[in-house]
Amino acid sequence: MQLNDVYSLRTEPEEFIHIQERLAGQIDVSRPLRLDDLRTVAGVDLAYAGEEEGETGFCHIAVFDAATMQVVERAEAVGKIDVPYIPGFLTFRELPLIVEAARKLETVPDLFLFDGNGILHPRRMGIAAHSSFFLGRPTIGVAKTYFKVRETEYVEPEREKGSWTDIIVDGEALGRAVRTSAGVKPVFVSPGNGIDLDSATEVALSLTGSESRLPIPVREADMATRRMRRRWEEEQKSCP
DNA sequence: GCGACAG
DNA sequence: ATCTTGTCGC
């Protein structure tokens, strides 16, 4: 998979905001996209081991055939993480390993799903939105917990599976609180880039099974990421 | 100083 | 995100 290079992410904190604001103007969330139009969909996630200096990140991308929902390819990347987690700037911490892993993919997924937000972000540049510029494909953000944007609270959707409520900020619906399974906590869906909110919601719901409130691709990447860490810690212990 | 805080 | 045992429930 051919990708753009990750620019120098090790910049100054204020530079992060400038980068996000510049890219925000290039986001397109007007495009309808049906799951039927997608041949492959990928889930992206990271796990961590250690802390501060010496923190290691494990990234995994699981590509599924949208028709059969079978994994058709996987790619991983392991490396030192030198950027701390700062709310609103998750991308700068995770993007390097995501791009490194994506470059190893032979197949180019038609869509990427992230564990985190899309445009439901203070500067409309959550990790799913930001990553789209490096992956060159439509992206969707699915966060497990709510990230409040400009004092906007979300309205609890009905208990039934598939119900949702819009999260409107400054008159625009940036995302939705979606009940992917009856009675469970909602997830927060927002388009990253190259797809509209309705489509993002439908795709996220269609890809969610009964085993988790998260879409299957994201869930798979999450589990795989823990396996990577477990194996890594085992060989760390056996080979000093 | 206090509260908020995607992963 | 990660640290962690048992425990309530389908």
Side-chain angles (χ1 to χ4, degrees), chain A residues 9 13 16-17 19-20 23-24 27 43-61 76-99 101 112-132 139-154 159 161 167 169 174-178 180-193 197 200 204 209-215 217-230 232-233 236:
Chain A
L9 288 172
F16 287 177
I17 291 181
I19 290 171
Q20 295 181 326
L23 291 175
I27 290 289
V44 185
D45 195 27
L46 277 82
Y48 300 88
E51 32 197 89
E52 299 295 301
E53 300 296 307
E55 181 172 27
T56 301
F58 304 82
C59 176
H60 188 100
I61 298 179
E76 306 178 329
V78 180
K80 287 290 179 289
I81 298 296
D82 42 33
V83 178
Y85 167 65
I86 302 172
F89 303 96
L90 176 65
T91 305
F92 300 95
R93 175 174 165 79
E94 309 196 327
L95 186 58
L97 285 184
I98 290 173
V99 170
F112 286 89
L113 288 130
F114 288 79
D115 190 333
N117 295 309
I119 62 172
L120 180 58
H121 178 279
R123 288 166 292 285
R124 308 160 129 256
M125 200 48 60
I127 191 167
H130 200 146
S131 297
S132 72
T139 58
I140 294 174
V142 182
K144 296 184 294 299
T145 62
Y146 186 55
F147 188 29
K148 191 187 299 181
V149 174
R150 299 197 52 171
E151 303 297 280
T152 303
E153 299 292 350
Y154 77 89
R159 187 178 187 288
K161 173 185 173 69
I167 296 170
V169 180
L174 296 185
R176 287 173 179 163
V178 181
T180 52
S181 291
V184 304
K185 293 194 305 178
V187 295
F188 304 87
V189 178
S190 60
N193 196 5
L197 180 57
S210 57
E211 64 294 308
S212 169
R213 66 193 178 104
L214 291 174
V218 176
R219 176 54 177 161
E220 177 55 37
D222 177 71
M223 295 189 293
T225 229
R226 297 171 194 281
R227 287 198 293 272
M228 289 174 71
R229 180 177 58 197
R230 179 172 55 71
W232 182 83
E233 293 180 322
Q236 286 292 300

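Numbered from 1 within each chain, the chains take letters A, B, ... in sequence-line order.
Backbone-only contact: A:Ala47 has heavy atoms under 4.0 Å from sugar-phosphate atoms and none from a base. Contact annotation for A:Phe188: no contact, since no heavy-atom pair falls under 4.0 Å across all strands. Within the 4.0 angstrom heavy-atom criterion, base atoms lie near A:Gly88. Here A:Phe58 lies out of heavy-atom contact (under 4.0 Å) with every strand. Across all strands, A:Asp115 comes closer than 4.0 Å only to sugar-phosphate atoms, never to a base (heavy-atom distances).
Between A:Ser190 and A:Leu174 the shortest side-chain heavy-atom distance does not fall below 4.5 Å. Using a 4.5 Å cut-off on side-chain heavy atoms (C-beta onward), A:Ile98 and A:Leu46 make contact. Side-chain atoms of A:Leu23 and A:Ile19, non-hydrogen and from C-beta on, do get closer than 4.5 Å to each other.
Between the CG atom of A:Leu120 and the C1' atom of B:dG7 there is a distance of 14 Å, rounded to whole Å. We find that CE of A:Met228 is positioned 16 Å from P of C:dA1, with the value rounded to whole Å. Between the C1' atom of C:dA1 and the CD1 atom of A:Ile127 lies a distance of 12 Å, rounded to the nearest Å. As a whole-Å value, the separation of A:Glu153 CD from B:dA4 P is 11 Å. With rounding to whole Å, A:Phe147 atom CZ is found 10 Å from B:dG7 atom C1'. Here the C1' atom of nucleotide B:dA6 and the CD1 atom of A:Ile86 are 13 Å apart, to the nearest Å. Atom OH of A:Tyr48 is separated from atom C1' of C:dA1 by 7 Å (rounded to the nearest Å). Across the protein-nucleic acid pair, A:Glu55 atom CD and C:dA1 atom P stand 13 Å apart, rounded to whole Å.
Put simply, A:Arg229 has a side-chain N or O that comes within less than 4.0 Å of OP1 or OP2 on C:dT2. In terms of phosphate contacts, A:Arg93 brings no side-chain nitrogen or oxygen within less than 4.0 Å of OP1 or OP2 of C:dA1. Contact check, A:Lys144 against B:dG7: a side-chain N or O comes under 4.0 Å of OP1 or OP2. Of the side-chain N and O atoms in A:Thr145, one or more sit less than 4.0 angstrom from OP1 or OP2 of B:dG7.
Comparing the C1' positions of B:dC5 and C:dT2 gives a spacing of 16 Å, expressed to the nearest Å. B:dG1 sits 38 Å from C:dG6 when the C1' atoms are compared, rounded to a whole Å.
In this pair, A:Phe89 and A:Phe16 present their aromatic rings tilted. The plane angle is within the 30 to 60° band. A tilted orientation is assigned to the rings of A:Phe188 and A:Tyr146, their planes being inclined by 30° to 60°.
Side-chain proximity of A:Arg226 to the nucleotides B:dA6, B:dC5, C:dT2 is greatest for C:dT2. Distances from the side chain of A:His121 to the nucleotides B:dA6, B:dC5, B:dG7 place B:dA6 closest.
Defined by atom type and a distance below 3.5 Å, a donor-acceptor pair is present between the side-chain atoms of A:Tyr48 and A:Glu94.
Lacking a ring centre under 5.5 Å from that of the base six-membered ring together with a plane angle below 30°, A:Tyr146 does not count as stacked on B:dA6.
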